[in-house]
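Within every chain, numbering begins at 1; the chains are lettered A, B, ... in the order of the sequence lines, protein sequences first and strands thereafter.
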Amino acid sequence: MSSFYLTTPIYYASGEPHIGHAYTTILADVLARYRRRAGDDVLFLTGTDEHGQKIQEAAAAQGLTPLELCDRMAGRFEDVWETLAISHDRFIRTTEAEHIAVVAALLERLWDNGFIYESEYTGWYSVGQERYFTEKEIGPERVDPIAGEPVQRIREKNYFFRMSHFQDRLIRHIEENPDWIVPRTRRNEVLGFLGRPLEDLSISRPRSRIHWGIPLPWDAGHVTYVWVDALINYVTASGAIDPDAAPDERGFGGPPRPSRWPADLHLMGKDIITTHAVYWPTLLMGADLPLPRKILAHGWWVVGETKMSKSIGNVVDPLALRRLFGTDAVRWYLMREMPTGQDASYTPERFLARYDELRNIFGNLAHRTLSMVKRYRAATVPDGPADGLARETADAIAAYRRGLDGYRLHEGFAAAMKLARTANGFVEAQEPWAQARRPDGAAELDRTLATLARTLGVLACLFEPVMPARARQLARRLGLGGVPRFGDLESLEVGGLEVAVDAPLFPPADFPPA
RNA sequence: GCCGGAGUAGCUCAGUUGGUCAGAGCAGCGGAAUCAUAAUCCGCGUGUCGGGGGUUCAAGUCCCUCCUCCGGCACCA
């Protein structure tokens, strides 16, 4: 059994969970479930990022302590993940003692390695907003984008990480590992980014300005810059570092401690590819830790713009769809409609098309098969050979696995749906209702029904990662003990199973009339 | 401005190293069937593969050029 460690970013606890968070996390969940079904020992990590100025300010504005706010927001995220059927193994919070200790240990390692130095940070500071703004944010007018007041160029003491020292090594790593950053277009962008001299990374903020953070081990007057704090969570949760050990035995360099590090996959939106593909790997290099095996940056959902929606002004929140169509249908839409890594636009029409596909192709296949087993064979799957779609099924499984292994989930799920279409065609070709009428048709009918039941068992397996509840429901109705794993599919026996016919897996559903 | 990507049927998109590659799904039209959630299945596309030029026996598939659209260009989590 191989192991698989995958992560989502930890989400900043100053705001409510939204579709961006949900998409990343569902994508991670689908991959985690797929790996488990394939027999891997999976560690699926998500969590919340809880330090920094925005948290500090948001808490103050609500009359809470920062930690009180974070407790509330972490709960909010955990609740949403539960409703979306997220199966994370660990929910990490950067305010956990373990994480704080690992951050301190890692920073100390960087310091001991000579990659930290003291200097001055220069930036555009807004007195009114009490924070720095980027060039992009202030625009040519050089005013803060919130209040519109002029910002000023100021300097303050900061500690810096010698990120520039690792520039060439990072470029080499990306060039020697073409699939390290996917999709390819993001890799190109990172390489383009690295085409210019890399600046060193400011890793601290004066505590006088921001108190809600992890103090630097060597200077309590400064707290760790939130991105550095946040990224380290991936190592914290892996168990690679023992902050209580002697400095040389904590797990940096030398013989590694038994752990889940390096991560097999970091997932994130394309907006934070730079932090994950540049800041993070160079920090790891500086601390003598191996790099993650793969970085996957996905695209954004944009809301399709139509004349209708513009005049009516109705913007649908995909998260709200869950209440109308169910969690599994929303997960299906998100995974099926967006080519992994690319942008996609949400429209109610496309959503309905994908829901109808589920309902009509897959749901109806399940229902008609179970109904026929009940009607013609007293609800017991016959013992006949189940080889009617042997080749098509094997092909579908192979294409599915190629898709998911290659992080083209939409292709994998398209292959699964294609098998369901093929099975519907098989029903039409065999005409089991005619076989049932023919006096000598019994053996043929047995084979038809056994084949269809077996196909449903396979489909339950293929669809489980994306639609866990419906897949379990289908497996139960088929009379299986549970959703089959990939290793079970080859020898999946369906003869003798007692099936149950029940309400449709995907009931009629629609948007409320406008 | 610099770097990168994309422009293929009404819509969303597939199309490895150039040679049945002109395709799939949806929508539309016609038909079949009745086990099933009126759910299914079959048949039907005269698309300048963004424009132009070039290489080649042969180009969505390579080269040049032009047009259009999109993405990235760091400390914002």
#### Entry: R402(A) with E411(A): basic N within carboxylate O range, under 4.0 Å
no

### Query
Across all strands, who's sitting opposite A6(B) as a Watson-Crick or G-U wobble pair, both distances under 3.5 Å?
U68(B)

### Task
Write down the distance between NE2 (H410(A)) and P (C26(B)), rounded to a whole number of angstrom.
17 Å

#### Entry: Touch class at under 4.0 angstrom, heavy-atom based, for R375(A) against every strand present
sugar-phosphate

### Query
Just how far, in rounded Å, is P of U16(B) from CZ of R402(A)?
15 Å

### Query
Are any of R437(A)'s side-chain N or O atoms less than 4.0 Å away from OP1 or OP2 of U34(B)?
yes

### Message
Would R350(A) and Y333(A) count as a cation-pi pair here, with the cationic atom under 6.0 angstrom from the ring centre and within 45° of the axis?
### Response
no

### Message
Output the rounded distance in Å from CG (N424(A)) to P (A39(B)).
### Response
13 Å

### Summary
Under a 3.5 Å limit on both distances, the Watson-Crick or wobble mate of U37(B) is none

### Query
Does the side chain of N364(A) get closer than 4.0 angstrom to OP1 or OP2 of A36(B) through an N or O atom?
no

### Message
When the C1' atoms of C62(B) and C73(B) are compared, how many Å lie between them, rounded to an integer?
### Response
30 Å

#### Entry: Span that lies between the P atom of G1(B) and that of A58(B), in whole angstrom
38 Å

### Check: R350(A) side chain, U12(B) base, donor-acceptor under 3.5 Å
no

### Task
Using whole Å, report how far CZ of F506(A) lies from C1' of U40(B).
17 Å

### Query
Backbone N or O of V466(A) within a donor-acceptor pair of the R331(A) side chain at under 3.5 Å?
yes

### Rounded interatomic separation in angstrom, taking CE from M335(A) and P from U12(B)
21 Å

#### Entry: A74(B) pairs with, by Watson-Crick or G-U criteria that keep both distances under 3.5 Å
none

### Query
Quick one: E337(A) CD to C13(B) P, roughly how many Å, whole number?
8 Å

### Task
If the plane angle is over 60° it's perpendicular, under 30° parallel, otherwise tilted; pick one for Y234(A) and H276(A).
tilted

### Task
Mind checking R184(A) for me? I need base, sugar-phosphate or nothing, with any heavy atom below 4.0 Å counting as a touch.
nothing

### Summary
d(F426(A) CZ, T393(A) OG1) to nearest 0.5 Å is 9.5 Å

### Task
Over 60° means perpendicular and under 30° means parallel, so classify the ring planes of F161(A) and F166(A), tilted if in between.
parallel

### Separation of A24(B) P from K418(A) NZ (nearest whole Å)
11 Å

### Task
Round to a whole Å and report the spacing from CD of E431(A) to C1' of A36(B).
15 Å

### Task
Rounded to whole angstrom, note down the P distance from U55(B) over to G60(B).
15 Å

### Task
Can you tell me the pairing partner of U16(B) across any strand shown, Watson-Crick or G-U wobble, with both distances under 3.5 angstrom?
none

### Query
Is G10(B) syn or is it anti, if syn means the base angle is within 90 degrees of 0?
anti

### Message
Suppose you measure atom P in G18(B) against the same atom in C57(B); what distance do you get, rounded to whole Å?
### Response
15 Å

### Query
How would you label the contact of R187(A) with the nucleic acid (heavy atoms, under 4.0 Å): base, sugar-phosphate, or nothing?
nothing

### Message
Just verifying a value: how many Å separate H173(A) NE2 and R169(A) CZ, rounded to the nearest 0.5 Å?
### Response
9.0 Å

### Summary
Protein-proximity profile, nucleotides 72-77 of chain B, B/S/- by nucleotide at the 4.0 Å heavy-atom cutoff, equals SSBBSB

### Query
Does any nucleotide pair with G25(B) by Watson-Crick or G-U wobble geometry, both distances under 3.5 Å, and what is it?
C11(B)

## Note on the structure
The Watson-Crick or G-U wobble partner of G45(B), with both key distances under 3.5 Å, is none

### Query
Per the side chain to side chain contact (heavy atoms under 4.5 Å, CB included) rule, which among T94(A), L231(A), D229(A) passes with V103(A)?
D229(A)

### Query
How far does the P atom of G72(B) sit from the matching atom of U16(B), given to the nearest Å?
27 Å

### Task
Between P339(A) and M372(A), name the one whose nearest nucleotide on RNA chain B is closer to the 5' end.
P339(A)

### Task
Salt-bridge test for E431(A) and R438(A): reply yes if a basic N is under 4.0 Å from a carboxylate O, no otherwise.
no

### Task
Could you measure between the two P atoms, the one in C42(B) and the one in C26(B), and give it in whole Å?
10 Å

### Message
Between R421(A) and C26(B), is there a contact of a side-chain N or O with OP1 or OP2 at under 4.0 Å?
### Response
yes

